[in-house]
Amino acid sequence: MALNFKPNADRVVVEAAAAEEKTASGIYIPDTAKEKPQQGFVIAVGPGKYADQTGNLIPVSVNVGDQVLYSKYGGTEVTIEGKEYLIMRDSDILGTL
């Protein structure tokens with residue numbers, strides 16, 4: 001999917017995965033009790049940021065298409081082209097799945 005948005009510096013655009021509809025035991029979760037998902041797919045990445053001391057470019061550690069796990073309250077929710085995304089720093093991403 002092509003996104004007409006290019007994040008700056010070490011920012012990453014993530015599309016959050018859908019929240020769980022039911023528990024492992026089969027109980028359906030109402031909308032009011034669903035937790036905010038903590039994983040998603042990388043849609044766009046910035047070029048990286050420059051190191052303060054050396055001035056060298058430090059590239060972002062994830063690539064477009066990676067499935068990532070991010071901190072619970074990380075990122076800023078935005079709507080781009082009618083879809084909900086999170087824009088977060090590379091440091092808010094805990095790892096790839």
Side-chain angles (χ1 to χ4, degrees):
M1 171 191 166
L3 183 67
N4 293 326
F5 179 79
K6 183 71 174 169
N8 289 336
D10 64 338
R11 303 289 197 302
V12 178
V13 178
V14 175
E15 183 176 5
E20 293 293 322
E21 294 291 325
K22 64 180 181 175
T23 65
S25 61
I27 298 172
Y28 285 93
I29 303 170
D31 289 338
T32 56
K34 289 181 184 174
E35 287 195 26
K36 185 176 170 184
Q38 288 180 260
Q39 65 183 21
F41 293 94
V42 177
I43 303 299
V45 296
K49 70 175 191 174
Y50 290 95
D52 292 332
Q53 306 253 336
T54 63
N56 294 337
L57 182 66
I58 302 169
V60 178
S61 62
V62 295
N63 298 312
V64 173
D66 286 351
Q67 185 176 6
V68 295
L69 185 68
Y70 51 87
S71 58
K72 189 166 192 162
Y73 299 105
T76 302
E77 296 176 358
V78 295
T79 302
I80 303 171
E81 299 173 1
K83 286 190 84 174
E84 296 288 324
Y85 297 103
L86 288 167
I87 299 177
M88 62 184 65
R89 291 190 177 275
D90 186 33
S91 60
D92 288 336
I93 295 175
L94 304 175
T96 57
L97 298 172

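Counting from 1, the numbers follow the sequence of the chain as shown.
The two residues Ala51 and Ile58 have their closest heavy-atom pair at CB-CD1, 3.9 Å. Summarising the geometry of Tyr85 relative to Ile80, their closest heavy-atom pair is CE1-O, 3.5 Å, with the distance given to 0.1 Å. Nearest heavy-atom pair, Val12 versus Val45, reported as atom, atom and distance to 0.1 Å: CG1-CG1, 4.2 Å. Closest approach of Glu15 and Glu84 over heavy atoms only: CG-O, 4.4 Å. Smallest separation of non-hydrogen atoms from Pro47 and Pro7: CD-O, 3.8 Å.
Checking side-chain atoms of Lys49 against main-chain N and O of Pro59 turns up no donor-acceptor pair under 3.5 Å.
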Side chains of residues 86-97: which donor-acceptor pairs under 3.5 Å do they make with residues two or more places apart or in other chains?
{"residue": "Arg89", "atom": "NH1", "partner": "Asp10", "partner atom": "OD1", "Å": "3.0"}
{"residue": "Asp90", "atom": "OD1", "partner": "Ser61", "partner atom": "OG", "Å": "2.9"}
{"residue": "Asp90", "atom": "OD2", "partner": "Ser61", "partner atom": "N", "Å": "3.2"}
{"residue": "Asp90", "atom": "OD2", "partner": "Ser61", "partner atom": "OG", "Å": "3.2"}

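In this structure, OH in Tyr70 is found 8.0 Å from CD in Gln39, a value given to the nearest 0.5 Å.
Surrounding OH of Tyr50 are at most 12 heavy atoms belonging to other residues, nucleotides or ligands under 6.0 Å away.
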